[in-house]
There are 2 protein chains.
Amino acid sequence: MPDRTRGPNGPFPRPRYGARPTMKDVAARAGVGLKTVSRVVNGEPGVTAETEHRVREAITALGFRRNDSARVLRKGRTASIGLVLEDLADPFYAPLSRAVEEVARDHGALLLNGSSAEDPARERELVLALCARRVDGLVVVPAGGDHRYLEPETAAGLATVFVDRPGGLIAADAVLSDNFGGARDGVAHLVAHGHRRIGFLGDQPRIHTATERLRGYRAAMAAAGLPVDASWVSLGPTAPDRVRAETERMLTGPSPVTALFTGNNRVTATAVRVLARHPRPVALVGFDDLELADLLTPAVTVVAQDASRLGRTAAELLFRRLDGDAGPPRHEELPTRLIARGSGELPPADGTSG
Amino acid sequence: MPDRTRGPNGPFPRPRYGARPTMKDVAARAGVGLKTVSRVVNGEPGVTAETEHRVREAITALGFRRNDSARVLRKGRTASIGLVLEDLADPFYAPLSRAVEEVARDHGALLLNGSSAEDPARERELVLALCARRVDGLVVVPAGGDHRYLEPETAAGLATVFVDRPGGLIAADAVLSDNFGGARDGVAHLVAHGHRRIGFLGDQPRIHTATERLRGYRAAMAAAGLPVDASWVSLGPTAPDRVRAETERMLTGPSPVTALFTGNNRVTATAVRVLARHPRPVALVGFDDLELADLLTPAVTVVAQDASRLGRTAAELLFRRLDGDAGPPRHEELPTRLIARGSGELPPADGTSG
DNA sequence: TAGAGGCTGGACAACGTTGTCAACAGTGGG
DNA sequence: CCCACTGTTGACAACGTTGTCCAGCCTCTA
């Protein structure tokens, strides 16, 4: 039987990287000491050009690449940060994540990320896995409402910034959009165009942004002296089936609405599809911008958040913390912007508005 | 002057995680040996319930969390993979990246990722940084055309799968869409609806998918016996300004087209905006699906790729490699799907088609 | 020519974990 | 009563890097 490559570690094939040359190998080949190789690799002073040249030659000859795991172990800093959000593929979160990545890059850090799928247990599992990797800091779009599990980590020095939603039961930095004000302005826009019966279709009530936007809706209605029928408000999963059913219910029920405010990009996309098939025009304002929203008929009026800026702001705050800023937890709120394109300006179509 | 916490490492503040309890601390507190703690943490057998209980208590009391950097150093595997693509925020790549993440998760691995911004130097820099972290494998959407720099890495055991585009000058796995066939079918669709003057607006010629799709366009034109005027083909950056100018040029030049085939999602989005303002109807088929494409007037006909499946297939292939599959480099090609929605069925509007 | 001081280079320990191996206690059989 | 055996436990080295510290050499000055 041929000699399987079984090292001192038992019957398993030696680790994939077992064959990798180390600084020791480079040192041996260049005929210098270990530390001299380290100096060259890290650009430290105190090496003659001649020695450096020999070392560099050995490095390329052997294909040496420094093992950052060992470096991290020794130095205590990993130069990497973690990002946990709901869904990397969501058109709202994708630019946020790209922005975090850019800032990380500017600080020489790599980005580890994962999607929680809006599941608190999965969020926790991901976050703790990232902690085990000893990321220097975390940017988190929280799915759960209790982040006390982070306390030992933050006590040990982990920096955490929550983004899009605040963390729960923990004092921590947060960067949020003005969800309340944005929704209020969006609904006020509908009111200003004569609507009195306005529906609110939002995400699950345990999500902070959903309840804040609902609050904005109620505030706008109250400010206009308009009653809110219980059948006009619907919070729940954003699965297309549910949103479709709820939209149709609001349009055709005993107390039909003449306008809709939709609580996020996914809800808006589904609602637009329902409205496109509906016999009478229904006004619509949605939270979050959509690609091509300007090309629909009517073009969709939205309350736009700057996802990229959310991510950038959060990441910059995180790196300020990593650079030693130890002030009290900071909450930043970014403005939203109403982009009127037409769908919010349709007049009520049922004659009940007077 | 107060005594700055300067450890044995010099004037720098001790690493953030310096305060972290280690297995040694846990062992001391539980009154057991180091290795016993390791056994408990890793669920290895050979520990009595009573001992395990004491260890677990110490772990929670101290807030211990295993340091995976040290573990990695010892074990040689990092249980993490890297993903390098053009832009995490692009609606085409976001689902791809999410799919890779899901597969990684199923295999207990974390995902490190970065955007190359279509810059070969940046791609290389990112890839090598990931190699230094000793990711177990890499999924790469290549920006550059020369990946010989990966040779020392693959020789040392790094598994690499290219996705969306093949790697250059290196024998490696690749998972691609049928770009040629998809474009050919899309253009044939336009031909079938009477078009003879069809423009092709694509990405930069150094990008493999761009030239493959152009090849498909030419094949469809040739198959229909149609000449291709040089002014009908434009490859270049997908910046909206350029695409807008090129679209207008093709529509109004001396030899105007009656239909357009657009080479990717960004180009399509810009072209649709130009066509919406154009006086006469122009047929359009685009490569890549767009959210809400079905709601535009006319609804946009597309050649859809399954980005999610591309990512999943690539990641699964990567993990098969990590599990020991050492066969020759594999090239998988995934089918595309023509989704006819109307914009491709507009008849030629200039009377020159006869 | 001796001594000081600067520059270069290397030996060694430490980071926190896991694999190896040996020691130990307890059990049952001869 | 001893021995073999099983099951539990811990001491120790090693993973690859970096920080500390010291040794040797060279140059310059008195």
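Every heavy atom of this structure was used, including side-chain atoms; hydrogens, water molecules and symmetry mates were not. A, B, ... follow the sequence lines: proteins, then strands. Residue 1 opens every chain.
For the 3.5 Å distance criterion, the side chains of B:E101 and A:S115 qualify, holding a donor opposite an acceptor. Checking A:R133 against B:N67 by side-chain atom types alone, no donor-acceptor pair falls below 3.5 Å. A donor-acceptor contact closer than 3.5 angstrom links the side chains of B:H147 and B:E123.
To the nearest angstrom, P of D:dC15 lies 14 Å from CZ of B:R134. Here D:dA14 presents its C1' atom at 19 Å from CZ of A:R20, a figure rounded to the nearest Å. The nearest whole Å value for the distance from the NE2 atom in A:H53 to the C1' atom in C:dG9 is 19 Å. One can place CG of B:N67 at 18 Å from P of D:dC15, the figure rounded to the nearest angstrom. Between the CD atom of B:E44 and the P atom of C:dT20 there is a distance of 11 Å, rounded to whole Å. Distance, A:R133 CZ to C:dG16 P: 18 Å, rounded to whole Å. As a whole-Å value, the separation of A:R65 CZ from D:dG16 P is 16 Å.
Annotation: B:H53, atom NE2; neighbour count of heavy atoms from other residues, nucleotides and ligands within 6.0 Å does not exceed 12.
Contact annotation: A:S38 side-chain N/O to D:dT18 OP1/OP2 distance is under 4.0 Å. The side chain of A:N42 places an N or O atom within less than 4.0 Å of a non-bridging phosphate oxygen (OP1 or OP2) of D:dT18. Within the structure, a side-chain polar atom (N or O) of B:K75 is placed less than 4.0 Å from OP1 or OP2 of C:dG19. Within the structure, every side-chain polar atom (N or O) of B:R71 is placed at least 4.0 Å from both OP1 and OP2 of D:dC15.
Across its full length, the helix from C:dT1-D:dA30 to C:dG30-D:dC1 shows an angle of 60° between the axes of its 5 terminal pairs at either end, rounded to 10 degrees.
For the ring-ring contact (aromatic ring centres under 6.0 Å, His included) test, no residue two or more places apart in sequence or in another chain qualifies with A:F64.
With hydrogens and angles ignored, the 3.5 Å screen pairs no side-chain donor or acceptor of B:R165 with any backbone N or O of B:F162.
Comment: A:E153 engages B:R65 in a salt bridge, judged by a side-chain N to carboxylate O separation of less than 4.0 angstrom.
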Quick one: which protein N/O atoms are closer than 3.5 Å to N/O atoms of nucleotides 6-13 of chain D? Pair and distance per line, please.
residue	atom	partner	partner atom	Å
D:dT9	OP1	B:T48	OG1	3.0
D:dT9	OP1	B:T51	OG1	2.4
D:dT9	OP2	B:T48	N	3.0
D:dG10	OP1	B:G33	N	3.1
D:dG10	OP2	B:G33	N	2.6
D:dG10	OP2	B:T36	OG1	2.4
D:dG10	O5'	B:G33	N	3.4
D:dG10	N7	B:R39	NH2	2.7
D:dG10	O6	B:R39	NH2	3.4

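Between A:S97 and A:L111, the closest heavy-atom pair is O-CD2, 4.1 Å.
Residues B:T60 and B:R56 are not in side-chain contact: their nearest non-hydrogen atoms beyond the backbone lie 4.5 Å or more apart.
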